[in-house]
Enquirer: 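Could you have a look at this structure, given as structure tokens, before my questions?
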Amino acid sequence: MISYSMISRPGSRQCNEDSVEMCTMEGDYVFTLADGLGGHGGGDEASACVTGEAIDVFRRERDSNEYLSHAFENAQQWLLQKKAQKGKKEEMKSTMVVLQITEKQIRWGHIGDSRLYYFHKDRMVSRTLDHSVPQMLALGGQIKEREIRHHKDRNRVLRVLGTPWEGEAYSLADPIEKTGDQAFILCSDGFWELITEKEMEKTLKQSYSVAQWLEKMEKIVQKHGEGKDMDNYSAICVYIDSK
């Protein structure tokens, strides 16, 4: 059994440039979240369109092993074409993270600094690695992982949808088996910057439903963001029961 809960909030901003969507067909699921790059203009349109494209490709190709690649590539092509139509003054860029759940397997991919966290039996197993300057510094040993959240260059994203790529700019994780007792968070940086992995684990253990889990985490995000210029924040929580 699969359950899920989604939120997308403007934070302290007037415009919400995040987008969240999901689709299910004959027992297969896809969840997608995107964060339009603030300050570039057109971010809200860009994020809505790339998540919409990921859903459209899922409806056509959900049985294909190439679904995730095609979702990112089609979204990229769409944004570049749209930008060309609107002219150089209109910038449209976005991150994106996509989670696909089939009968037997789970796959995911991302581009930018929107993240996916994977938990098994209430313990965090892994997370996606940001395509950002602070993440590169952490991988190089120049800063610690926990310093990414508050680094002065945390908003410097190196790879996104809407700018020309050299090769594959998105990252795909190896598929994992669908076993149950598995949980996932897809979230924008406005969410993960204000909550730690330990807090994610703790609230997961304390929650009786996926909706309660997300509600508990949102309260932490709001508390840590109180009095600050909060960015848009969005999250999708997904739980796969063992039954």
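Position 1 is the first residue of the sequence, and the numbers go up from there.
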Enquirer: State plainly whether the residues Arg13 and Asp229 are in salt-bridge range, i.e. N to O under 4.0 Å.
Expert: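 Judged by the 4.0 Å cut-off on N to carboxylate O distance, Arg13 and Asp229 do form a salt bridge.
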Enquirer: Is the number of heavy atoms from other residues, nucleotides or ligands under 6.0 Å of Lys219 NZ greater than 12?
Expert: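 Counting neighbours around NZ of Lys219, 12 or fewer heavy atoms of other residues, nucleotides or ligands fall under 6.0 Å, so no.
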Enquirer: Would you call Glu26-Arg59 a salt bridge at under 4.0 Å N-O?
Expert: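 The answer is no: the pair does not qualify as a salt bridge.
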Enquirer: Answer yes or no: is there a donor N or O on one side and an acceptor on the other, between the side chain of Thr128 and the main chain of Leu116, under 3.5 Å?
Expert: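 Present.
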Enquirer: Under a 3.5 Å distance rule, please check whether Tyr67 uses its side chain to pair with a backbone N or O of Ala54 as donor and acceptor.
Expert: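 Yes; judged by distance alone, with no hydrogens or angles, the pair exists.
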Enquirer: More than 12 heavy atoms of other residues, nucleotides or ligands under 6.0 Å from CZ of Arg60: yes or no?
Expert: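 Yes.
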Enquirer: Is Asp122 salt-bridged to Lys205, going by a charged N under 4.0 Å from an acidic O?
Expert: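 Here Asp122 does not pair with Lys205 in a salt bridge, since their nearest N and O are not under 4.0 Å apart.
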Enquirer: Given the rule in the salt bridge (Lys or Arg N to Asp or Glu O under 4.0 Å) test, do Lys223 and Glu218 qualify, once you have shown the distances and angles that lead to the verdict?
Expert: CA-CA 8 Å; Lys223 180 179 178 180; Glu218 184 178 15; over 6 Å; no
Enquirer: Between Arg127 and Glu145 (salt bridge meaning N to carboxylate O under 4.0 Å), is one present in this structure?
Expert: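 Result for this pair is yes, salt bridge flagged.
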Enquirer: Say whether Trp192 and Leu129 are linked into one hydrophobic cluster, either directly or through other cluster members, by side-chain heavy-atom distances under 4.5 angstrom.
Expert: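 Cluster IDs for Trp192 and Leu129 match.
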Enquirer: Is there a side chain to side chain contact (heavy atoms under 4.5 Å, CB included) between Met22 and Val30 once you walk through the steps?
Expert: CA-CA 6 Å; Met22 69 79 60; Val30 68; 6.0 Å; no
Enquirer: Quick check: does any side chain N or O of Ser64 sit under 3.5 Å from a backbone N or O of Glu66, one acting as donor and the other as acceptor?
Expert: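 A pair under 3.5 Å: yes.
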Enquirer: Would Ile55 end up clustered with Met96 when hydrophobic side chains under 4.5 Å apart are linked, directly or stepwise?
Expert: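 Linked, Ile55 and Met96 end up in one cluster.
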Enquirer: For Gly162 and Gln76, which heavy atoms make the closest approach, and how far apart are they?
Expert: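 Scanning both residues completely, I find the closest heavy atoms to be N-OE1, 2.7 Å.
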Enquirer: Between Glu201 and Arg123, is the salt bridge (Lys or Arg N to Asp or Glu O under 4.0 Å) condition met? List the steps.
Expert: CA-CA 6 Å; Glu201 280 189 349; Arg123 298 295 299 271; 3.7 Å; yes
Enquirer: How far apart are the closest heavy atoms of Pro134 and Ile143, and which atoms are they?
Expert: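 Of all heavy-atom pairs spanning Pro134 and Ile143, the closest is O-CD1, 3.5 Å.
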Enquirer: Going by atom types alone, do His131 and Ser171 pair a side-chain donor with an acceptor below 3.5 Å?
Expert: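 Side-chain D/A pair, His131 to Ser171: present.
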Enquirer: At their closest point, which heavy atom of Ile111 faces which heavy atom of Ala169, and how far apart are they?
Expert: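 Smallest heavy-atom distance, with atoms named: CD1-CB, 3.8 Å.
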Enquirer: Under 6.0 Å between the ring centres of Tyr170 and Trp165?
Expert: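 Between Tyr170 and Trp165, the centre distance is under 6.0 Å.
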Enquirer: Same cluster for Met136 and Ile148 if Ile/Leu/Val/Met/Phe/Trp/Tyr side chains link at under 4.5 Å?
Expert: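 Same cluster.
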Enquirer: Regarding His70 and Glu61, do their side chains bring together a donor and an acceptor under 3.5 Å, going by distance alone?
Expert: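 Per modelled atom types, His70 and Glu61 side chains form a pair under 3.5 Å.
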Enquirer: Would a single hydrophobic cluster contain both Val57 and Phe72, if residues Ile, Leu, Val, Met, Phe, Trp and Tyr are joined by side-chain heavy-atom contacts under 4.5 Å?
Expert: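 Per the 4.5 Å side-chain linkage, Phe72 and Val57 are co-clustered.
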Enquirer: Would you name the heavy atoms of Leu172 and Ser69 that are closest together and state the gap between them?
Expert: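 Looking at all heavy atoms of both residues, the closest pair is CD1-OG, 3.4 Å.
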Enquirer: For the atom pair CG (Asn65) and CD (Gln100), what is the distance rounded to the nearest 0.5 Å?
Expert: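 So the gap between those two atoms works out to 8.5 Å.
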Enquirer: Any donor-acceptor pair under 3.5 Å linking the side chain of Arg107 with the backbone of Pro175?
Expert: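 Between the backbone of Pro175 and the side chain of Arg107 there is no qualifying donor-acceptor contact (under 3.5 Å).
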Enquirer: Report yes or no: do Tyr239 and Asp181 form a side-chain donor-acceptor pair below 3.5 Å?
Expert: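 Side-chain D/A pair, Tyr239 to Asp181: present.
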Enquirer: Among side-chain atoms of Thr203 and Gln206, is any donor-acceptor pair under 3.5 angstrom?
Expert: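 Side-chain D/A pair, Thr203 to Gln206: absent.
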Enquirer: For Glu147 and Lys144, indicate whether the former's side chain and the latter's backbone hold a donor-acceptor pair under 3.5 Å.
Expert: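 Present.
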Enquirer: Could you walk me through whether Gln222 and Tyr233 satisfy the side chain to side chain donor-acceptor pair (under 3.5 Å) test, starting with their C-alpha distance in whole Å, then the side-chain angles of each, then the deciding distance to 0.1 Å, before giving a yes or no?
Expert: CA-CA 10 Å; Gln222 291 174 335; Tyr233 66 90; 3.2 Å; yes
Enquirer: Are Leu186 and Tyr118 connected in a single hydrophobic cluster, I mean Ile/Leu/Val/Met/Phe/Trp/Tyr linked by side-chain heavy atoms less than 4.5 Å apart?
Expert: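 Result: yes, single cluster for both.
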Enquirer: To the closest 0.5 Å, what do you measure between CG (Leu79) and CG (Asn74)?
Expert: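 Those atoms lie 11.5 Å apart.
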Enquirer: When you measure from the side chain of Ser5 to the backbone N and O of Ala211, does any donor-acceptor pair fall under 3.5 Å?
Expert: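 Pair absent, no side-chain N/O of Ser5 close to backbone of Ala211.
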Enquirer: Answer yes or no: is there an ion pair linking Glu103 with Lys178, defined by an N-O contact shorter than 4.0 Å?
Expert: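 No salt bridge links Glu103 with Lys178.
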Enquirer: Judged by modelled atom types alone, do Ser19 and Thr51 share a side-chain donor-acceptor pair under 3.5 Å?
Expert: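 The answer is yes; a qualifying pair exists.
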Enquirer: Just checking, is any N or O donor in the side chain of Asp35 or Ser114 under 3.5 Å from an acceptor N or O on the other one?
Expert: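 Ser114 and Asp35 do not have a side-chain donor-acceptor pair below 3.5 Å.
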Enquirer: Please check if atom NZ in Lys216 has more than 12 non-hydrogen atoms from other residues, nucleotides or ligands closer than 6.0 Å.
Expert: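 Yes, because the 6.0 Å sphere around NZ of Lys216 holds more than 12 heavy atoms from other groups.
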Enquirer: Among Tyr4, Phe119, Trp108, find the one that has a ring-ring contact (aromatic ring centres under 6.0 Å, His included) with Phe184.
Expert: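 It is Trp108, the one option of Tyr4, Phe119, Trp108 that forms the ring-ring contact (aromatic ring centres under 6.0 Å, His included) with Phe184.
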Enquirer: Just by modelled atom types, is the Ser132 backbone N or O under 3.5 Å from a matching donor or acceptor in the Asp130 side chain?
Expert: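 A pair under 3.5 Å: no.
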